[in-house]
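Contents: one structure, followed by commentary.
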Amino acid sequence: MSYHDEVLSVQEEEDISVCIGGIVLCWWIPIPFIAGIVCDYAEKKLVKRILLRYNINESKVSKIIRIYRLRNPFLWIGTYIPYIGIPCQYVEVKRLTKYTMYLINNHKLK
């Protein structure tokens, strides 16, 4: 079973919506690469919120994101490119949430 098969609950979908809303607002910042950095911060907050909901140590946030990005490097790089950054960011946030839930549901974060 892959993390792509993970089904998200309503709470995770709401978290993704809030994160994406903040990310889209960040893309209106006219300074290059600043939007990507702010989006990285939003992703960390999203994963941290999910881990806290399931009472898991939040110190694993950076490790989860780092491992996820090593598995999907081109998607991560695409988030920094103008015009295609927003769709790439949406896909990345959705997949990152599924990856986090996969780790939680398969007891790989305990």
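For this chain, numbers begin at 1 and follow the sequence in order. Because the structure is predicted, anything quoted here is derived from the model rather than measured.
- Using a 4.5 Å heavy-atom threshold, the side chains of Glu13 and Lys94 count as touching.
- Hydrophobic clustering of Ile, Leu, Val, Met, Phe, Trp and Tyr side chains at less than 4.5 Å, counting indirect connections, keeps Tyr41 apart from Val47.
- Under the side chain to side chain donor-acceptor pair (under 3.5 Å) criterion, Glu14 pairs with no residue at all, not counting sequence neighbours.
- Applying side-chain contact (heavy atoms from CB on, under 4.5 Å) to Glu92 and the options Ile65, Thr79, Thr97 leaves one that passes, Thr79.
- Heavy atoms of other residues, nucleotides or ligands lying less than 6.0 angstrom from NZ of Lys44 number 12 at most.
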query = Checking side-chain contact (heavy atoms from CB on, under 4.5 Å) for the pair Ile16/Leu8: CA distance, chi angles, key distance, verdict?
reply = CA-CA 10 Å; Ile16 290 172; Leu8 300 175; 3.6 Å; yes
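- Here the CD1 atom belonging to Ile64 is positioned 7.5 Å from the CD1 atom belonging to Ile56, to the nearest 0.5 angstrom.
- Transitive grouping of hydrophobic side chains (ILVMFWY, heavy atoms separated by less than 4.5 Å) brings Val61 and Ile67 into a common cluster.
- The minimum heavy-atom distance linking Cys88 with Leu75 is given by the pair O-CD1, 3.6 Å.
- Ion pair Asp40/Arg69 flagged as a salt bridge, since at least one NZ, NE, NH1 or NH2 atom sits closer than 4.0 Å to an Asp/Glu carboxylate oxygen.
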Requested in this report: Might you work through the side-chain contact (heavy atoms from CB on, under 4.5 Å) test for Val91 and Asn72, ending with a clear yes or no?
Outcome: CA-CA 11 Å; Val91 171; Asn72 301 286; over 6 Å; no
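- Using a 4.5 Å cut-off between side-chain heavy atoms of Ile, Leu, Val, Met, Phe, Trp and Tyr, with links allowed through other members, Tyr54 and Leu51 fall into the same hydrophobic cluster.
- The minimum heavy-atom distance between Cys19 and Ala42, with the atom names listed, is SG-O, 3.7 Å.
- Between Met101 and Ile50, the shortest heavy-atom contact is SD-CG2, 3.7 Å.
- In this structure, Lys63 NZ and Leu103 CG are separated by 9.5 Å, a value rounded to the nearest 0.5 Å.
- Shown here are the side chain to side chain contact (heavy atoms under 4.5 Å, CB included) partners of Leu52, two or more places apart in sequence or in another chain: Lys48, Glu58.
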